[in-house]
Amino acid sequence: MSRPRLKIERPDFGGPFPEHIAVIMDGNGRWAKGRGMLRVFGHKEGIGSVREITTECAKMGVKSLTLYAFSVENWKRPRQEVAFLMELLEQFLVDERPTLMDNNVRLRAIGRIDDLPEAALARLRETEEITAKNDGLLLRLALSYGARAEIADALKRFARDVAAGKVRESEIDDETLRRYLYDATTPDPDLLIRTSGELRISNFLLWQISYSEIYVAKECWPEFRRPQLLAALEDYAKRVRKFGGLVSDTPSASEARA
Ligand code: FPP
C-alpha cells in the first residue's frame with residue numbers, strides 16, 4: 001500500500017520558518033488542578049495536544065518535532081503517577097499509529113529507553129518499525145531523557161571507542177561529540193517552546209539548543225493547540241538569527257549547520 005501524500009500548507013509570517021521544533025510540555029498538573037481534577041487528567045488531556053501539534057507540524061512541513069515526554073528526573077514522581085504516565089505512553093504508541101501513518105510521520109525515541117517498562121518499550125519499538133519508512137515529519141519523543149545523562153552516556157561511549165583504538169582523543173570536537181549523542185543525524189532545534197510560562201530549560205537538549213530561539217507560551221500544555229503554535233511561529237518569524245556572528249553574515253539555519 002502506498003503512502004498517502006500529505007498536502008503541505010506552510011503558514012507565511014514573512015520571515016524564517018523553523019525546520020526543527022522542540023517542546024518542553026509543561027503544566028499538565030496545574031491545568032488539571034485548576035479545574036479541580038487529579039493531575040493525571042492533565043496528562044491525559046495533554047495527549048490531545050501531542051496529537052494536534054504533531055499533525056499540524058506534519059501538515060506545515062516542519063521536518064522534526066522533539067517532545068519532552070518523560071525526563072530522567074520524572075522517575076522520582078509518586079509511583080502511581082509514573083505508572084499512569086507509562087500506561088498512557090503505551091496506549092499512545094498503539095492508538096496513534098493510524099494518525100502517524102496518515103500524516104507520514106516517523107517516530108523515534110531519544111533517552112535512556114532501556115529504563116522503560118518492557119511493555120512500553122515493546123510498543124515503542126513496534127511503532128518505530130511501523131513508521132520507519134515515512135518520510136515526512138520526524139517525531140522524536142524524549143523518554144527517560146536528561147541532557148546531562150545524554151552527555152555522560154556520550155562520553156562513556158567515546159571513552160570506550162578511544163580505548164578500542166577506533167577514535168583518537170585529539171579528534172574530539174563539536175561534530176565528533178554530536179555523533180555520540182542519542183541521535184546523531186537530526187539537526188539542532190531552531191525553535192524551543194516551553195509551555196505554562198516557566199522560564200527554565202529543565203535539563204532538555206542542553207548541547208543541541210545552543211543557538212535555538214526560545215519561546216515561552218503562557219498556556220499549559222493541554223491548552224497548547226494550533227492557535228498557540230501559530231503564535232509561536234509568528235514570533236519566530238520575527239527573530240534574527242546570528243549564530244554568534246553579525247546580521248550581515250547570518251547564515252540560514254541549514255547553512256549554519258552545514
Ligand atoms: C509536565 O506536566 C509534563 C510531563 C511530566 C510529561 C508530559 C506528558 C504528556 C504530555 C503526556 C504523555 C505524553 C506522551 C507522548 C505519551 P507537569 O506534570 O510537570 O505539570 P505541572 O508543572 O503543572 O505539575
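Order of appearance sets the numbers: ligands from 1, and atoms from 1 within every ligand.
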Among all protein heavy atoms, pick the one closest to [atom] and tell me residue, atom and distance.
| atom | result |
| --- | --- |
| atom 22 (O) of ligand 1 | Arg30 NH2, 2.8 Å |
| atom 3 (C) of ligand 1 | Met25 O, 3.0 Å |
| atom 13 (C) of ligand 1 | Ile47 CD1, 3.9 Å |
| atom 2 (O) of ligand 1 | Asn28 N, 3.3 Å |
| atom 24 (O) of ligand 1 | Arg39 NH1, 2.9 Å |
| atom 19 (O) of ligand 1 | Arg77 NH2, 2.8 Å |

Legend entry - Between Thr176 and Asp173, a side-chain donor and acceptor under 3.5 Å: yes
Inset, instruction - Go through Ile53 and Trp221 one step at a time and tell me if the side-chain contact (heavy atoms from CB on, under 4.5 Å) criterion holds. - result: CA-CA 11 Å; Ile53 297 306; Trp221 176 248; 3.8 Å; yes
Inset, instruction - Before signing off on this row, confirm whether Gly29 and ligand 1 have an N or O atom pair separated by under 3.5 Å. - result: yes
Legend entry - ligand 1 to Asp26 polar contact by distance, N or O atoms, under 3.5 Å: yes
Inset, instruction - Go through the structure and list residues passing side chain to side chain contact (heavy atoms under 4.5 Å, CB included) with Glu81, not counting sequence neighbours. - result: Arg39, His43, Arg77, Pro78, Leu85
Can you sort out which atoms of ligand 1 are near [X], meaning under 4.0 Å from one of its heavy atoms?
| X | value |
| --- | --- |
| Ala69 | 6 (C), 7 (C), 8 (C) |
| Trp221 | 10 (C) |
| His43 | 11 (C), 18 (O) |

Charged N to carboxylate O below 4.0 Å: is that the case for [X] and [Y]?
| X | Y | answer |
| --- | --- | --- |
| Arg35 | Glu223 | yes |
| Arg97 | Glu126 | yes |
| Arg125 | Glu118 | no |
| Arg157 | Asp153 | no |

Inset, instruction - Taking all heavy atoms of Val162 and all of Glu169, pick out the closest pair and write down the distance. - result: CG2-N, 4.3 Å
